[in-house]
Amino acid sequence: MGLGSSPATPAGHRQSGAPVSRRRPFDPRLLRRVPGARRQLGVLGALGVAAAGLVIAQATTLAMVLAEAAGGRLDRAALAGFLASVAGRAALLWAQGTVAARAAATVKATLRADLLDAVGRRGPGWLSGQRTGQLATLAGRGLDALDAYFTGYLPQLVLSVTVPLAVLARLVFADWSSALVIAVTLPLVPIFGALLGWQAQAATERQWRRLALLGGHFLDMLRGLPTLHLFGRAPAQVTVVRRMADRHRSATMKTLRIAFLSALVLELVATLSVALVAVPIGLRLLGGGLALQTALLVLLLAPEAFLPLRAAGSQFHASQEGLTALDDALTLLGPEPPAPTAGSPHAHRKRSTITVPATPSPSGGPTTPTADRTTAPTAEQRTARTAGQAPTGTADPPRARATDRPAAAPVTGDPDDRDRGHRPEPGRHGEIGFESVTVEYQRTTALRDVTLTIRPGERIAVVGPSGAGKSTLLHLLLGFVGPSSGRIIVDGTDLAALDLAWWRRHLAWVPQRAHLFGTSLADNIRLGVPDAPVAAVRDAVRAADLAEVVAGLPDGLDTPLGERGHGLSSGQRQRVALARAFLRDAPIVLLDEPTARLDAGSEAAVLAATRRLVAGRTALLVAHRPTLLAGADRVLRVEDGRVTEQEPVAALPREVVA
Amino acid sequence: MRLRPERTVWRLARPYLGRLLGAGLLAAGTELAGLALLATATWLLVSAADRPPLDTLTVAIVAVRALAIGRGVLRYTERLAGHDAALRVVTEVRTRVFAALAARRTAAPQRSGDLLSRLVSDVEAVQDLLLRVLVPGAAAVLVGLLAVLGASAVAPVAGLALAGGLLLAGVVLPALAAVLTRRTAARVAPLRGALAGDAVDLTAGAADLAAFGATRAALDRADARARELAGLERRTAAVGWAVDGLGVLLSGATSAAVLTVALRAGVDGVLVGVLAVGTLAAVEAALALVGAARHWARLRTGLTRVADLLAAPEGTPETPTGTFARSPGTPETSTGEPAPSGEPGDGSGAEEVARRWHCRVEEVSLRYRRPGPPALDGVSLDLPAGSRVAVVGPSGAGKSSLLGVLTGMVRPDHGRVVLNGVDLPDLPVDRLPGIVGGLLAEAHVFHATVRENLLLGRAGATDDDLAGAVSAAGLLDWVRQQPAGWDTIVGEDGGQLSGGQRQRLLLARALLAAPAGILVLDEPTEGLDPGAADAVLASATAHAGPNRTVLLVTHRLSGLDRYDEIVVLDEGRIADRGSHAELAGRPGWYRDQWLRQTDAERDYLAIST
C-alpha cells in the first residue's frame, strides 16, 4: 500500500529551462484533432474507475486478514480476496500503461502526419525559416516528449479523481466521521499546491535568468573552443569553467530549496490529515467503540486518498515538455489567420468576377480555345475562395477532413491531385503572360506591377541585384506564391484556376541550392519521375555531366546520400539538380542561378549541362554570372521589384564570354 | 556488461563520496521512516484493540508522530543533499570534459553545434546517474537488507520469505526492465532518427518536392515510418508495463506469503500484522530499483561518450609534443583570473614582437574525409615578414583550411609550415598564439560583455588599447553610444548585436591580439556594406603595422590592389597567383568575379542612394 512509497523525485530541475508557464493539464483541442485517441482516453478513464474500486477491495480484504491474524487465525477467503485484488491491480496497471502508451503512439503518429501534411497542403510559401525548423523538430523528435505526459501524468490525473472519491464513498459506510475529516482536508492538497506553486514561481522566476545564463556558460565555452585555442586561452579557461559550473550549482540549489519545500509542505499536510483521522480512531478503539477491522481499513485507506494527488503533482513537472510540444503542434495546425500575405495567394484579389482573358497575343498562339471553358469554374472558385471556403471543385481525398482545409491554400496546395482545378489539354504550353502582377510579402514588396509575356521556346535571362525579386518571378510560375494583385495567364487561363499538379508537370526547376534527400542518388534524380527506368536515369546523369561522379561513388547510382546530400560537393549537388530536370523532360525550365557558389571547374560543367537542358525548351534563367547570359533571346532586368527589358547579350560588350 | 563509463563517473565522484553517502543514507532513512511508520501504526491499532492501559502505548504514539514528521523532513534534506552532491560531481565532469577538449588543439574546429549540445546533455546524464540510479538504488538495497534483518528477528521463516520477494523485486525485475529498455531503445532509436530525417526532408525540401510533384510520395513514406514507429511503441509498451504489473503482484504475494508463514510459525498476532504491512512497504521500496534500472539503461550511451572523451587524452596525446613542449593539460602559465574575466598576460607577446617572423608553407596537403576530395593539395606559400597576401577563391576551395593549418588548428597530412626555420608542431603550444592569430571563420562571440570578449585577444589590455583596436574596426562610436559602454552584454554568440557589429567586434579582438608574426583575417568584412567594408579593411591592414604579415582570406576583391600577392585557390590547389592588376587582366575566376562584383556593387550603390 502506498504510505511507504514515494512519488518519483523530479531530479531534472534542469538548469536551462524557462519559467514553467501554467498550462491546463489537458488540452481539449487534442480530442478534436486526434479523434482516434478518444476511445483510448475513454478506456483510460474506465480503467481509472476500476483501479479505484480495486484499491478499496484490496484495503478491505487486507483489513479483514489482519484483523483475523491478530487473533492468530488465517482467514483464507479474505486472503484469496486480497490476492485477487492485488492481481487485479497488477493487471490494471499493465492495462493503464499499455493503453496510455497506445494513446501516446496514436496521438504522435496522427500529429506527425498532420504536421507534415500541412507542409504539403500549404506549400513551400507557407514555410518561413523559423517555421521550417520548428516543424522539422516537432514532427521529428519534439513530439516524443508526449510519452512522459501520456504514460506518467495522465493516468495519475485520472486516479487523482477516482481514488479519493472511491475512498470517501467506502469510508462513509465504514466510519462516516473519518470520511468527514478526509473530505474536509483533501482539498487542502490542491489548494496548498497552487498557493505554494505561485510562491515558488515568484521566488524562482527572479533566479531563472541567472540560472539560464550560468547553465548556458558551458555550451558557450565549448562553442568558443576554437577561438580560445587561437588566442591560447583554452587551458586558462578551465578554471573559469569550474568556477561558473560551481556558481551554477549554488544558484540551482537556491531554487531547489524553495521548490522542494512545497513538496515537503504538501507531504506534511497529507500526514497531518491522516493523523487527524487516526487519533480518534485509536481512542475509540481503546474505548471499545470500534471494530479492529474497521480501524485497520481506515488506517489503510486514508493515505490512499492523498497519494494520487501528490503523485500527479510530482509528475506534472516532467510532463511539461510534452504539453509544450502538444501546444506547439496544435497551434501550428490550428485554424490559421485569414491569410494576410503573399504566402496565401488570393488574399488581396480585388476583382471578384473574371472576363475572358484578353491576352495580347501577337503570334496568334493557341490562347482562346480553352478560355470559354475556363470562365465558369474559375469565377465560381474565386468567389468560393474569397468567401473563405474550400474550393468547390474539390474531391476530398481520403485523408483530408473538410474542417482541416485551410481557407486560402489552393495555389500552394498539395501538388498531387488534391486540387482539381481546370486541366487544359496536356502537351506543350502556350504563352505565359504576367498581367500587372504585384507580390507583397509581410515586410517588402517583391514585385511591383509586372507585365510581361513569355512565348514558347524563348530563352529569357533574368538579371539584377540580389533581393530584387528575381527568384519571386520563378516562384510565381511554380505556384509557391500567388500574386497579391494582378494575375498570371497560362495559355489563356488564370494560373490560379489551373490544377497546380498538372501545371507543374510542365515545369522543371533547378533552384539555387537544391535539397538532396537521404535516399539513393538514383531516387534523388528520379524525384519528378519516380518510375523512370534506370536507362533514363543514366541518360540524365550523362546529360548533367554527372557520369564521372557516379562512377566514383562506391555503389554508383544506388549510393545513399547522407542527410541533406552530405558527401557531394556543391557543384555535384547542382548537377544532381540538373539531372532531375533532364529526367523530368518538361517543356519549361526554370533555373535559379544554377552556377552561384560554384568554383570554376564545376561552373564549366554545370554551364555546359545547362545549355543542353535549355535547348529546345522555354527557359527562364536567373543569371548572376555574365557567362550565363550567352545565348539568351531576351534579358529581363529586375530592380527593386520592377522588370525592364534589356538589350540581349551582344549589346553588352563587357559581358561577352571570355 | 562492462562498467567502464560508471567507473569513470565513480573516479570523478570520489572526492564527493561523503556527500553522496550522506544523500544515500538520508534516502534510506526516508524509506525506513515510511516503513516504520506503517508498521508502528499497525502495531498501535492492533494492540489498542486489546484495550491495554493507555500509557503502554505512549512510546508508540510518540514514535508515530515523530516518524510522520521525520519522513517528510528526511525526504526534503535527502533531495537537497543528493542534488548538491550530484551537481558537485557535474561541476567536476564539466571541468574535466572542457579540460580534455582544451588539451587537444587540433580536434576542435570540426565539431558541429549539434554534437556540442549533445555533449552538454551527456554531461548532465551524470547527474541523472547519481540522482536517479545510484542514490535511490543504494537506499533501496539498504532498506531491503534492514527489512530482512528485522523480519528475521521476529521469525526467521518470515525473513526468508521476505528475502525471496525482495530478490525478485529488487534484482530480477530490474534486470528484466534494463534488458527490455535497452532492446526497445535499440529498435526505436534508428526509426526515430529516420523519422527526424523525413521531417527535415519534408520541410527543408518542401519546395523541391512540390516543384517535382513528389510531395505525396514523400508524405506517404514518412507516414508509413510514423506508423511503423507507433506500432513498435505499442508492442514494446505492452511488454514493458508487464514488468510494472509483476511488481505490484509481487508486493501483494510476498506480503501474503510472509503473513501465512508467520501465522504457521506461531508468531504473535500483533506482530503478524506488522510483518504483513511492513512487507508491502519494503517490496515497494525495492521496486524503486526497476525505475533506476530503466534510467541506467537509457543513460549508458551518453555516459559512454563522456567516458571515451575523458579517457582519450591520457592514452593518446593528440598533439605531438616537440622539443620544448610541455604536457598540454597543465595550465601553469595562467594564474588568477583567466579571460573572459581578464587576466594579466604571460608576456610572451612582448618578447615575440621584437622579432620578425618569416613563414613558409611547404607543399601542404590535407584531406578531411577519406575517400573524399582533398581540402588542400600541395599548397606552398612564402610569407616574408611584413608582407600582405590575400587568398581568394570559391567556397570550398580550401581557404579556411589553409588558415587552419597555419594557426595549428588542423594538422596537414603532408607538407609543413615553417616559422623562422622552426617546424610549427615543434613550437610549444602556448607560444604559437603569440605568433600566429587573428580572425577565423568559426570565431565565437562569448555571451559576456564587450570588454570581456575583447580581453580574450589580449588579456591586460588597457582601455586605450581597446579603443584603438575597436576604432580601427569601426565600432568605437557604437560602444560609446551604449549606456553600459564596454560592459554591454553582447548576447548568446553576439545575438544582441547586428551582423555588422558582431563582425567588427571579432575584427577588433583580432587586431587587439596583435600576434607578433602573422595576422590572419578570414572574411573580416563579411556582413558589412561595400563602403564600410573598404574602410574597415584599409584601417585593419594599416593597424597591423610594417613588421607584421597580414594573410587575408576574402570573397570580396575590392581593396586587393594594395596587396603584394593574391593567391587564387580552387579545389585545394593554387589555380593562379599574382597582383591584382595581373589577375584582373587575364581570363579566369578572378576576372569573372571582379567584373561581377564591381557590377553588383554599382547596382547596390545605385539602389541605396
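Residue numbers begin at 1 in each chain, while the letters A, B, ... track the order of the sequences.
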**Prompt:** Ala222(B) versus chain A, heavy atoms under 4.5 Å apart: side chain, backbone, both or neither?
**Reply:** side chain

**Prompt:** Side chains of Arg79(B) and Leu256(A): closer than 4.5 Å at any heavy-atom pair?
**Reply:** no

**Message:** Heavy-atom pairs under 4.5 Å with chain B - which of Gly282(A), Ala295(A), Ala105(A), Gly287(A) has more of them than the others?
**Reply:** Ala105(A)

**Request:** Mark yes or no for whether Asp220(A), through its side chain, and His447(B), through its backbone, hold a donor-acceptor pair below 3.5 Å.
**Result:** yes

**Prompt:** Of the non-hydrogen atoms in Gly245(B) and Ala90(A), which two are nearest, and what is the gap between them?
**Reply:** O-CB, 3.0 Å

**Asked** Pick from Leu93(A), Val86(A), Leu286(A): which one has the most heavy-atom pairs with chain B under 4.5 Å?
**Response** Leu286(A)

**Prompt:** Where does Leu261(A) contact chain B at under 4.5 Å (heavy atoms): side chain, backbone, both or neither?
**Reply:** both

**Message:** Is any side-chain heavy atom of Phe446(B) closer than 4.5 Å to one of Arg223(A)?
**Reply:** no

**Prompt:** Is it true that Glu92(B) and Arg242(A) make a salt bridge, defined as a side-chain N closer than 4.0 Å to a carboxylate O?
**Reply:** yes

**Closest-packed option against chain B by number of heavy-atom pairs under 4.5 Å, given Leu290(A), Leu590(A), Leu292(A)** = Leu292(A)

**Request:** Measure across Leu299(A) and Ala41(B) and return the closest heavy-atom pair with its distance rounded to 0.1 Å.
**Result:** CD1-CB, 4.0 Å

**Request:** Answer yes or no: is there a donor N or O on one side and an acceptor on the other, between the side chain of Tyr76(B) and the main chain of Arg257(A), under 3.5 Å?
**Result:** yes

**With Arg580(A) via salt bridge (Lys or Arg N to Asp or Glu O under 4.0 Å) - residues at least two apart** = Asp208(B)

**Prompt:** At what distance, to the nearest 0.5 angstrom, does OG1 of Thr215(B) lie from CG of Leu116(A)?
**Reply:** 11.5 Å

**Asked** Between Thr227(A) and Leu440(B), is any pair of side-chain heavy atoms under 4.5 Å apart?
**Response** no

**Complete:** Honestly, the part of Ala275(A) sitting under 4.5 Å from a heavy atom of chain B is neither

**Message:** Within this structure, what is the CG-CZ distance for the pair Leu263(B) and Arg73(A), rounded to the nearest 0.5 Å?
**Reply:** 10.0 Å

**Asked** Where on Leu222(A) is there a heavy atom nearer than 4.5 Å to chain B: the side chain, the backbone, both, or neither?
**Response** both

**Prompt:** Any side-chain heavy atom of Arg216(B) within less than 4.5 Å of one from Asp117(A)?
**Reply:** yes

**Item:** Partner residues of Asp144(A) under the side-chain hydrogen bond (donor to acceptor under 3.5 Å, both in side chains) criterion, sequence neighbours left out
**Value:** Lys108(A), Arg112(A), Arg192(B)

**Prompt:** Do Thr106(A) and Arg234(B) have side chains that get closer than 4.5 Å, going by heavy atoms?
**Reply:** yes

**Request:** Against chain B, work out which of Val529(A), Leu527(A), Val65(A), Leu66(A) has the most heavy-atom pairs shorter than 4.5 Å and name it.
**Result:** Leu527(A)

**Asked** Non-hydrogen atoms of chain B under 4.5 Å away: do they reach the side chain of Ser250(A), the backbone, both or neither?
**Response** neither

**Prompt:** Under 4.5 Å between any side-chain heavy atoms of Leu62(A) and Leu280(B), yes or no?
**Reply:** yes

**Message:** For the backbone of Phe212(B) and the side chain of Arg584(A), can you confirm whether one donor and one acceptor N or O come within less than 3.5 Å of each other?
**Reply:** yes

**Pick from Thr271(A), Thr98(A), Leu285(A), Leu283(A) with the largest number of heavy-atom pairs that fall under 4.5 Å of chain B** = Leu285(A)

**Asked** Could you go step by step and tell me if Val90(B) and Arg249(A) meet the side chain to side chain contact (heavy atoms under 4.5 Å, CB included) rule?
**Response** CA-CA 9 Å; Val90(B) 167; Arg249(A) 176 186 59 80; over 6 Å; no

**Message:** Let's go through Gln96(A) and Trp241(B) carefully: what are the C-alpha distance in whole Å and the side-chain angles of both, what is the deciding distance for side chain to side chain contact (heavy atoms under 4.5 Å, CB included) to 0.1 Å, and is it a yes or a no?
**Reply:** CA-CA 9 Å; Gln96(A) 262 178 336; Trp241(B) 281 92; over 6 Å; no

**Complete:** Looking only at heavy atoms, the pair that brings Gly205(B) and His515(A) closest together is CA-CG, 3.5 Å

**Asked** Quick one: of Pro530(A), Gly97(A), Ala234(A), Ala104(A), who has the most non-hydrogen atom pairs under 4.5 Å with chain B?
**Response** Gly97(A)

**Euclidean distance, Leu202(B) CG relative to Phe517(A) CZ, rounded to 0.5 Å** = 7.5 Å

**Request:** Name the member of Ala513(B), Ala194(B), Ala242(B) that forms the most heavy-atom pairs with chain A at distances under 4.5 Å.
**Result:** Ala242(B)

**Asked** Looking at Val46(B), Leu44(B), Leu80(B), Thr42(B), which has the largest count of heavy-atom pairs under 4.5 Å with chain A?
**Response** Leu80(B)

**Request:** Heavy atoms only: give me the nearest Ala459(B)-Arg233(A) pair and the separation to one decimal.
**Result:** CB-NH1, 3.1 Å

**Asked** Where on Ala91(A) is there a heavy atom nearer than 4.5 Å to chain B: the side chain, the backbone, both, or neither?
**Response** neither

**Request:** Please report the closest heavy-atom contact between Phe480(A) and Ala207(B), naming both atoms and the distance.
**Result:** CZ-O, 3.2 Å

**Prompt:** Which region of Leu287(B), side chain (C-beta onward) or backbone (N, CA, C, O), has a non-hydrogen atom less than 4.5 Å from a non-hydrogen atom of chain A, or is it both or neither?
**Reply:** neither

**Prompt:** Can you check whether Arg89(A) reaches Leu249(B) side chain to side chain, under 4.5 Å on heavy atoms?
**Reply:** no

**CG on Leu432(B) to NE2 on His229(A), rounded to 0.5 Å** = 12.0 Å

**Message:** Check for me whether the distance between the ring centres of Phe260(A) and His83(B) falls short of 6.0 Å.
**Reply:** yes

**Prompt:** Val64(B), Val272(B), Val120(B), Val73(B): which one forms the most heavy-atom pairs within less than 4.5 Å of chain A?
**Reply:** Val120(B)

**Shortest non-hydrogen separation from Gly252(B) to Phe82(A) and the atoms involved** = O-CE2, 3.6 Å

**Asked** Between Ala226(B), Gly437(B), Ala238(B), which has the largest tally of heavy atom pairs under 4.5 Å with chain A?
**Response** Ala238(B)

**Request:** Measure distances from Leu268(A) to the heavy atoms of chain B and classify the residue's part below 4.5 Å as side chain, backbone, both or neither.
**Result:** side chain

**Prompt:** Does a side-chain N-to-carboxylate-O contact under 4.0 Å join Arg94(B) and Asp246(A)?
**Reply:** no

**Item:** Contact check, side chains of Leu225(A) and Phe98(B), non-hydrogen atoms, under 4.5 Å
**Value:** yes

**Request:** Give the member of Asp244(B), Thr95(B), Val248(B) that has the highest number of heavy-atom pairs under 4.5 Å with chain A.
**Result:** Thr95(B)

**Request:** Apply side chain to side chain contact (heavy atoms under 4.5 Å, CB included) to the pair Arg71(B) and Glu267(A), showing each step before the final yes or no.
**Result:** CA-CA 9 Å; Arg71(B) 183 182 53 165; Glu267(A) 181 162 357; 3.3 Å; yes

**Asked** Any idea which of Leu259(B), Leu45(B), Leu195(B) has the most non-hydrogen atom pairs under 4.5 angstrom with chain A?
**Response** Leu45(B)

**Message:** If I measure from the heavy atoms of chain A, does Ala68(B) come under 4.5 Å with its side chain, its backbone, both, or neither?
**Reply:** both

**Fill in**
Okay, Pro52(B) and chain A: the region with an atom under 4.5 Å from a heavy atom over there is both

